[in-house]
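Some notes on the structure that comes next.
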4 protein chains.
Amino acid sequence: MTSRKNEKYEAILEGALQVFAEHGFHRSQVSKIARAAGVADGTIYLYFKRKEDILIELFRSKLGELIEKFTSGIENVTDAREALRRVCTIHYSELEANVALAYVTQIELRQSDLELRKEIGEAVKPYIKLIEDLLLKGIEQNVFRADLDVKLTRLLLFGAMDEVVTSWLISGRKYSLSAQVDSTLKFFLQGIGN
Amino acid sequence: MTSRKNEKYEAILEGALQVFAEHGFHRSQVSKIARAAGVADGTIYLYFKRKEDILIELFRSKLGELIEKFTSGIENVTDAREALRRVCTIHYSELEANVALAYVTQIELRQSDLELRKEIGEAVKPYIKLIEDLLLKGIEQNVFRADLDVKLTRLLLFGAMDEVVTSWLISGRKYSLSAQVDSTLKFFLQGIGN
Amino acid sequence: MTSRKNEKYEAILEGALQVFAEHGFHRSQVSKIARAAGVADGTIYLYFKRKEDILIELFRSKLGELIEKFTSGIENVTDAREALRRVCTIHYSELEANVALAYVTQIELRQSDLELRKEIGEAVKPYIKLIEDLLLKGIEQNVFRADLDVKLTRLLLFGAMDEVVTSWLISGRKYSLSAQVDSTLKFFLQGIGN
Amino acid sequence: MTSRKNEKYEAILEGALQVFAEHGFHRSQVSKIARAAGVADGTIYLYFKRKEDILIELFRSKLGELIEKFTSGIENVTDAREALRRVCTIHYSELEANVALAYVTQIELRQSDLELRKEIGEAVKPYIKLIEDLLLKGIEQNVFRADLDVKLTRLLLFGAMDEVVTSWLISGRKYSLSAQVDSTLKFFLQGIGN
DNA sequence: TATGAATGAGCATTCATTCAT
DNA sequence: CATGAATGAATGCTCATTCAT
């Protein structure tokens with residue numbers, strides 16, 4: 001029973017991911033998503049109240065998966081600098097390995113209403129907290145500057161990585177994204193280091 | 001005659017800026033823009049072929065003005081580090097002083113189609129070149145690392161500043177944006193410095 | 001077995017009566033009726049072919065009960081004028097006592113298609129015949145005019161009572177409906193009397 | 001200018017009258033009305049905010065015309081009984097002569113939401129007042145009973161005529177409606193007379 | 001019999017764009 | 001050049017009905 005329910009639910013999310021990535025949210029008709037998911041139009045409304053909710057749930061679930069990877073990727077890492085390396089590596093390699101997800105997070109996420117973005121923003125909070133905790137830990141470990149504005153620095157780090165990913169996507173993915181980790185990190189570690 | 005043509009043209013661009021900033025691109029009907037500009041709906045199509053073209057032209061013109069400010073702001077500055085400070089200062093203070101423009105560049109720009117974004121990307125190229133030139137100059141001056149990947153670094157710098165501005169906007173502009181210049185620059189200069 | 005069948009059948013009719021009365025026919029989804037009846041959506045289609053059939057059957061059954069009351073209410077009454085008084089009294093008091101039924105007959109009955117109304121009209125025929133018989137009897141008894149057009153008069157009497165009930169409903173039932181019997185009857189008896 | 005605006009407006013109302021009469025309100029798609037009116041779908045929304053408003057305006061305008069006929073039909077009639085004859089004559093003959101209007105008032109009017117009916121009810125008020133004034137005048141003239149409940153009597157008269165018209169329509173208009181005036185009036189005048 | 005998940009046809013409304021004046 | 005009335009394509013969502021279990 002539950003597995004069946006999950007089957008359709010997951011199929012719709014997966015179909016939506018593909019369709020959103022290919023056409024963008026505003027050009028993704030519900031019927032197109034339904035076809036991609038192999039269900040009827042009406043079925044979508046058994047699982048989602050509005051079309052927008054598909055996008056929101058998609059982010060919640062996909063970002064949730066990503067955040068788990070970040071969390072488990074650094075959980076036994078004691079050195080804050082090494083932890084930051086892991087975060088950047090995961091950030092680049094996961095999006096490089098999952099282009100549809102990359103398109104949706106980098107392009108579609110930004111195409112949504114301000115109101116919608118706020119809702120989605122909630123889903124990103126754990127990632128934000130993870131980075132801020134990492135920064136605080138580094139300051140305690142005396143490997144990051146004590147005068148760091150943690151919130152501002154989190155924005156600088158996230159924004160920098162985000163732009164690298166978006167640019168890679170828009171350029172048509174003509175080069176390796178994960179190959180940018182070393183240079184990115186050198187910039188980061190020098191920038192925030194003691 | 002030409003001045004008259006320009007009058008309407010400029011009125012439409014200015015009206016569009018206000019309407020886009022208040023309602024977002026997708027909620028900005030052509031008739032709303034026309035009313036804000038004080039012209040008839042049909043008049044807009046004497047100056048712009050499609051609604052999207054208004055957005056494109058708006059960016060071209062507004063970014064053009066911004067880039068002039070960047071250019072003139074650093075033209076007599078010989079020290080690359082000081083030039084970078086000026087760039088960051090102008091970036092933050094100009095957008096802080098012109099909230100409508102900030103909304104449109106940070107929020108609406110992202111809400112457009114991938115295709116549209118590519119066109120708009122063209123308008124940003126001069127800013128990109130300006131930053132890259134600045135980086136090259138700093139490397140020559142031996143104040144920036146010689147091993148910098150100039151293109152990647154440009155993304156990191158731009159992305160970092162961009163995220164700071166967006167976050168400031170979404171937060172409701174509850175703090176001073178230009179007050180973030182010093183911390184941002186310390187991060188930048190350490191990150192790219194020798 | 002038959003009793004069980006009847007249990008569900010009756011439950012659906014009763015649920016439909018409540019739902020129709022509260023929301024009107026067009027706003028009464030099958031699933032809402034099913035919930036009110038305590039059965040599954042699909043179960044309804046074991047007893048009724050189409051949603052409209054519920055309404056038809058509802059009228060047949062409820063009007064059947066009403067007509068029984070009319071019939072038994074006048075069966076031992078010899079005076080045609082007294083019989084008419086009984087009919088009017090039952091008409092007003094029964095609908096006053098059963099507001100849900102009143103709503104459905106006065107409001108929802110009229111909201112249905114012409115085709116549907118014809119079918120429902122069949123269910124009213126016994127009432128019609130009862131009034132016509134009563135009129136004929138009164139003519140024989142020389143208490144009603146001999147020149148009465150029986151069919152037209154039946155419409156006049158029924159229409160007059162019907163409007164009084166509808167108006168009482170729409171006004172929000174702020175006064176007593178059965179208190180209108182005397183005035184109504186004086187009008188009727190003078191109108192058709194010798 | 002005004003004449004042109006009115007042209008389309010009137011065309012839509014007339015188209016709606018025909019379509020409503022033929023298919024009923026709920027089966028009358030906006031596109032069908034547009035086609036009947038010879039305009040594009042979107043044009044309807046330049047003149048009416050919602051589909052329901054077409055129905056409301058239709059009643060307002062058509063009932064307004066009817067009421068004018070009632071008013072002018074009795075304005076120089078001093079005898080209240082003669083005035084009542086005129087009212088009944090106009091009621092039957094106008095609806096007989098305008099079948100589409102009859103369908104819409106007798107059938108579609110009843111098919112609308114309770115909320116909508118209340119709005120439409122406003123448009124009938126002048127007719128109601130006209131009948132009540134007529135009754136009061138008759139009482140003064142001593143040709144109608146002094147003990148008449150004016151409001152109730154108005155319902156009885158209107159309901160009676162209304163049912164005669166509806167029945168005539170549902171029966172397929174197989175007989176003359178205006179031929180029922182004499183019998184109807186004899187019933188009325190006896191019923192309310194001294 | 002009974003269920004309720006799944007279906008998919010059907011429709012009001014918006015709005016970018018055109019064109020007669 | 002300027003107008004703004006008219007156009008009509010495009011789409012999210014509802015809900016009566018079916019059918020596998």
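In what follows, every chain begins at residue 1, and chains take the letters A, B, ... in the order their sequences are listed.
- A search for salt bridge (Lys or Arg N to Asp or Glu O under 4.0 Å) contacts involving A/D41 returns nothing, not counting sequence neighbours.
- In terms of phosphate contacts, D/Y47 brings no side-chain nitrogen or oxygen within less than 4.0 Å of OP1 or OP2 of F/dA5.
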Could you spell out the base pairing of DNA chain F as a dot-bracket line? Use Watson-Crick and G-U wobble contacts where both distances are under 3.5 Å, [ ] for crossing pairs, | for partners on a different strand.
.||||||||||||||||||||
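- When all heavy atoms are compared, the tightest approach of C/Y45 to C/V30 is OH-CG2, 3.7 Å.
- With sequence neighbours excluded, the residues satisfying side chain to side chain contact (heavy atoms under 4.5 Å, CB included) with B/Q29 are B/S31, B/K32.
- Per the geometry, CZ belonging to D/F48 stands 15 Å off C1' belonging to E/dA12, to the nearest Å.
- Residues meeting the side chain to side chain contact (heavy atoms under 4.5 Å, CB included) test with C/D162, sequence neighbours left out: C/Q106, C/R110, C/F158, C/T166.
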For residues 13-23 of chain D, please give each side-chain donor-acceptor pair under 3.5 Å, one per line with the distance, not counting sequence neighbours.
residue: D/E14; atom: OE2; partner: D/Q18; partner atom: NE2; Å: 3.0

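- Residues forming a salt bridge (Lys or Arg N to Asp or Glu O under 4.0 Å) with D/R27 (at least two apart in sequence, or on another chain): C/D113.
- If you measure from atom CD1 of C/I33 to atom P of E/dG4, you get 17 Å, rounded to the nearest angstrom.
- One interatomic measurement links the two molecules: NZ of A/K8 to P of E/dG4, which rounds to 18 Å at whole-angstrom precision.
- Across F/dA6, E/dT3, E/dG8, the shortest atom-to-atom separation from the side chain of D/L46 is found for F/dA6.
- In this structure, D/I12 places its CD1 atom 9 Å from P of F/dT7, rounding to the nearest Å.
- The OH-C1' distance, from D/Y9 to F/dA6, rounds to 18 Å in whole Å.
- Rounded to an integer number of Å, the gap from CD1 of C/I44 to P of E/dT3 is 10 Å.
- Regarding D/H23, its NE2 atom lies at a distance of 14 Å from the P atom of E/dG10, rounded to whole Å.
- Listed by chain and number, the residues in a side chain to side chain contact (heavy atoms under 4.5 Å, CB included) with C/V39 are C/K8, C/I12, C/A34, C/A37, C/T43, C/I44 (sequence neighbours excluded).
- Take A/R60 and apply the side chain to side chain contact (heavy atoms under 4.5 Å, CB included) test, not counting sequence neighbours, and it matches A/I56, A/E57, A/A123.
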How does each nucleotide of nucleotides 13-18 of chain E score, in 5' to 3' order, for protein heavy atoms under 4.0 Å: base (B), sugar-phosphate only (S), or none (-)?
BBSSBB
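- The heavy-atom pair separating A/G24 from A/S28 by the smallest distance is O-OG, 2.6 Å.
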